[in-house]
Enquirer: 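Here it is, the structure in full.
Fair warning: this is a prediction, and the values are worked out from it, not measured in the lab.
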Amino acid sequence: MQKKFVALVVVFGVLLLLPFSMQAVVDLRSDKRFLSLDIFKDAVYTPFKREAAIAAAVATLDSSWRAARESMAAGGDVVESTEGTVSALSDLESVVLAVNTYAELDSSEPDYKALMNADTLLAALEDEPESFPAVDSCIKALIAEFGSFSLARAFLGVKHYGIWTSRYLRAFEHKVEDENALVLAVRPRYQLAVWNIFNDPGEKVVLGKNPGPRTSNLETQTSPWLYYRQDVEFLVQPSPLDVRSAKLDNPIQGIAKFRDQLKAKNVELLVVVVPGKPSIYPERLTGGEASATPVFGHGKRILDSLTALGFHTVNLYDPLWAAKADDAKLGALYLNDDTHWTPRGAELAAEVIAGKVMKMQADSAVSLSLKSKYANPAIEYMVADSVADRMGDIGEMSGLNKFNVFKVQQVTGHVVSQRSILERIDMAQSSADCFDSVCAKYNVTGDSCNRFGWKMGCEEDDTLFYDTTYSVFKDDFKKSEILILGDSFSRIYQTDAPVNAGWIAHLAKNLDLPVSSIVSDGGASTLVREKLARKANVLKGKKLLIWEFVERDLRFGAEGWKDVGF
């Protein structure tokens with residue numbers, strides 16, 4: 001071989017090994033695990049370590065369940081007796097579900113379903129003592145199945161979830177891309193150079209052609225609008241129901257199966273499809289004139305199909321499009337360099353969804369405890385303005401925010417807080433008598449009655465007695481009849497700044513009812529249902545499940561639209 005070719009091979013080999021070599025040096029000099037050895041470890045070590053951990057977890061489950069049975073037989077409280085078993089079962093689930101460093105057990109696997117079934121049965125034991133034989137049989141079956149070291153199970157784990165599977169390699173690749181020291185050092189400056197030379201914001205981002213008219217004093221005329229590429233691709237690629245998309249999961253079939261599962265538990269399903277940013281603001285993407293007549297894409301057509309098939313649905317497309325007419329006065333409905341809506345958009349969604357829930361109540365499609373203020377409600381809500389700085393997620397995807405290419409956008413959210421109404425007293429007395437009566441009931445006398453930190457309203461026959469101290473809004477899984485499953489559109493402003501100002505909190509305020517929620521960023525098609533399946537006992541007492549997901553998930557939802565068992 002000629003020397004010049006040898007030199008080229010050497011240079012190529014060095015360049016090929018440089019990222020891994022540099023990462024190995026960084027890992028050795030830090031407290032982080034040695035990322036480059038993950039593949040070797042998961043091939044020869046993790047399967048056997050997992051089996052040993054499973055056996056240890058089952059031993060704990062066996063002993064805790066024996067103790068629980070003895071305690072219940074002696075008349076002990078079910079919750080206290082099974083506390084150790086619940087913890088041991090949770091530990092076993094953690095070990096079994098994590099097959100290796102990068103792959104988790106699929107929800108369609110029999111082992112997954114058996115664990116979830118045991119979890120659900122155990123959670124229901126307090127209210128259904130007659131189910132004890134089923135719980136006992138289920139836990140004993142788990143102990144028999146996982147109680148011994150199994151080479152066969154280790155082999156199957158390697159075969160279906162090992163280092164040669166696409167699910168493992170894809171996750172490993174993403175981890176390397178996210179953590180590799182060389183990539184982290186070089187990529188930002190490369191992206192900045194591409195932006196400065198070609199005005200290209202990156203492979204995940206589409207730059208709007210026209211920033212559009214100024215919509216508020218917080219948005220400048222030159223603020224660029226960024227779009228998430230998947231939002232745009234969803235509109236231009238074939239519908240998920242098109243024959244050309246035959247390889248994709250059918251979302252309508254997945255939604256129908258979930259509705260039937262909920263109906264078996266006497267829970268109604270309400271489907272909320274959130275329009276992507278380009279569906280509501282196509283003119284800022286293309287640079288054309290704003291159309292007076294909306295032309296929506298696949299998302300709206302699939303929503304209409306669900307409605308025609310008898311599903312309970314919420315149409316956010318038309319209200320959001322109509323609300324654009326007030327943008328100049330109230331501000332835009334979506335953020336400049338973010339996939340999500342502004343607080344205004346979130347609050348409009350909450351209003352529309354609340355209206356649909358109340359219509360379902362009026363049509364007897366669901367029976368909720370909708371209450372007026374004077375019908376002894378448990379909670380009263382109020383809102384207060386709160387300003388927060390938002391750095392958009394699309395701007396973060398571009399990698400250019402490190403160089404302040406895109407500006408922080410300031411938003412004003414309306415934070416929801418709550419206070420408990422202790423009771424309603426029916427008494428036709430004077431205000432003074434009312435004050436004395438209520439204060440005496442709670443052992444408060446004299447002038448301190450008026451300084452007790454409680455407010456009493458005595459209005460003829462209606463007397464509300466409630467704590468005047470407002471606390472932050474929070475999910476109430478025990479008292480709520482409504483459970484919300486959602487993605488990042490449910491998370492934004494709710495658990496991040498300004499906090500408790502998202503559509504979930506505003507829905508509770510609009511309905512005057514407590515709600516509860518399970519949220520999975522980017523995973524509302526399947527991952528959030530898998531979260532629910534792991535703790536299906538949260539459906540206890542629920543009458544309505546509101547399932548929110550963004551329209552792009554109809555095609556690009558993480559893990560597709562799998563059948564998730566409960």
Side-chain angles (χ1 to χ4, degrees), residues 208 211-219 223 225-228 231 234-235 272-285 290 294 296-297 299-300 303 313-356 383 385-395 409-416 484 486-510 517 519 521 524 546 548-553:
R214 184 189 299 244
T215 57
S216 75
N217 58 1
L218 299 179
E219 180 184 347
S223 296
W225 267 50
L226 305 180
Y227 290 83
Y228 184 33
D231 279 334
F234 173 76
L235 297 180
V272 180
V273 180
V274 176
K277 187 174 174 179
S279 288
I280 303 302
Y281 289 99
E283 67 277 2
R284 294 195 178 212
L285 172 66
F296 299 122
K300 179 62 161 59
L303 182 69
T313 63
V314 173
N315 172 19
L316 292 178
Y317 288 83
D318 292 317
L320 287 169
W321 185 278
K324 285 201 306 180
D326 295 325
D327 278 6
K329 179 173 62 176
L330 302 176
L333 296 158
Y334 286 72
L335 296 164
N336 294 355
D337 59 349
D338 198 291
T339 55
H340 302 100
W341 42 31
T342 59
R344 179 186 168 218
E347 290 175 29
L348 175 59
E351 181 182 340
V352 175
I353 295 169
K356 177 64 178 182
V383 297
D385 289 357
S386 180
V387 177
D389 291 336
R390 298 289 315 182
M391 181 60 75
D393 60 353
I394 309 178
Q409 184 174 2
Q410 196 174 75
V411 298
T412 300
H414 300 100
V415 176
V416 178
I484 296 165
D487 55 18
S488 55
F489 277 84
S490 294
R491 182 259 307 155
I492 191 169
Y493 314 125
Q494 190 66 32
T495 57
D496 54 10
V499 183
N500 295 319
W503 78 264
I504 291 177
H506 281 274
L507 177 71
K509 178 186 72 68
N510 292 342
S517 64
V519 174
D521 275 20
I546 302 175
E548 173 273 316
F549 51 85
V550 67
E551 64 177 3
R552 67 173 176 270
D553 273 6

Enquirer: Decide whether a cation-pi geometry holds between Lys277 and Tyr228; the criteria are a distance under 6.0 Å from NZ or CZ to the six-membered ring centre and an angle within 45° of the ring axis.
Expert: no
Enquirer: For the residue pair Thr339 and Asp393, confirm or rule out a side-chain donor-acceptor distance under 3.5 Å.
Expert: yes
Enquirer: Going from CZ on Arg552 to CG on Asp487, what distance comes out if it is rounded to the nearest 0.5 angstrom?
Expert: 7.0 Å
Enquirer: Of all the heavy-atom pairs spanning Ala388 and Ala497, show the shortest one and how long it is.
Expert: CB-CB, 3.8 Å
Enquirer: Between Arg390 and Tyr493, is any pair of side-chain heavy atoms under 4.5 Å apart?
Expert: yes
Enquirer: Within the side chain of Thr412, is there an N or O that forms a donor-acceptor pair under 3.5 Å with the backbone of Ser386?
Expert: no
Enquirer: Considering all heavy atoms of both residues, which atom of Ala501 and which atom of Pro498 are nearest to each other, and what is their separation?
Expert: CB-CG, 3.8 Å
Enquirer: Please find the pair of heavy atoms, one from Gly276 and one from Asp231, that lie closest to each other, and give the distance.
Expert: CA-OD1, 4.4 Å
Enquirer: Quick one: does Gln409's side chain get under 4.5 Å of Asp389's, heavy atoms only?
Expert: no
Enquirer: For Thr342 and Ala332, indicate whether the former's side chain and the latter's backbone hold a donor-acceptor pair under 3.5 Å.
Expert: yes
Enquirer: Return the minimal non-hydrogen interatomic distance between Met391 and Asp338, and the atom names on each side.
Expert: O-OD2, 4.4 Å
Enquirer: Can you tell me how far the CD1 atom of Ile504 sits from the CD1 atom of Ile353, to the nearest 0.5 Å?
Expert: 9.0 Å
Enquirer: Give me the one residue out of Ile492, Leu335, Leu348 that meets side-chain contact (heavy atoms from CB on, under 4.5 Å) with Trp341.
Expert: Ile492
Enquirer: With a 3.5 Å distance limit and no angle check, can you tell me whether Glu548 reaches the backbone of Val274 through a side-chain donor-acceptor pair?
Expert: no
Enquirer: With a 4.5 Å heavy-atom cut-off, do Asp327 and Arg344 have their side chains touching?
Expert: yes
Enquirer: So do the side chains of Thr495 and Val519 get within less than 4.5 Å of each other, counting heavy atoms only?
Expert: no
Enquirer: Please report the interatomic distance CH2(Trp503) to CD(Glu351), rounded to the nearest 0.5 Å.
Expert: 14.0 Å
Enquirer: Can you measure from CG (Asp318) to CZ (Phe296) and round to the nearest 0.5 angstrom?
Expert: 5.0 Å
Enquirer: Do the non-hydrogen side-chain atoms of Tyr281 and Lys324 ever get within less than 4.5 Å of each other?
Expert: yes
Enquirer: Between His506 and His414, is there a donor-acceptor pair closer than 3.5 Å when you use the side chain of the first and the backbone of the second?
Expert: yes
Enquirer: side-chain contact (heavy atoms from CB on, under 4.5 Å) between Val415 and Val499: does it pass, once the steps are laid out?
Expert: CA-CA 7 Å; Val415 176; Val499 183; over 6 Å; no
Enquirer: Show the numbers, then the answer: is there a side-chain contact (heavy atoms from CB on, under 4.5 Å) between Leu235 and Glu551?
Expert: CA-CA 9 Å; Leu235 297 180; Glu551 64 177 3; 3.9 Å; yes
Enquirer: Applying side-chain contact (heavy atoms from CB on, under 4.5 Å) to Phe549 and Val273, what does each step give before you reach the verdict?
Expert: CA-CA 5 Å; Phe549 51 85; Val273 180; 3.7 Å; yes
Enquirer: List the atom of Ile394, the atom of Leu226, and the distance in Å for their closest heavy-atom pair.
Expert: CD1-O, 3.3 Å
Enquirer: Can you tell me how far the CH2 atom of Trp321 sits from the CG atom of Leu333, to the nearest 0.5 Å?
Expert: 11.5 Å
Enquirer: If you measure from CG on Leu316 to OG on Ser279, what distance do you get to the nearest 0.5 Å?
Expert: 11.5 Å
Enquirer: Nearest heavy-atom pair of Leu303 and Asn315: which atoms, and what distance?
Expert: CD2-CA, 3.8 Å
Enquirer: side-chain contact (heavy atoms from CB on, under 4.5 Å) for Val314 and Ile546? Distances and angles first, verdict last.
Expert: CA-CA 10 Å; Val314 173; Ile546 302 175; over 6 Å; no
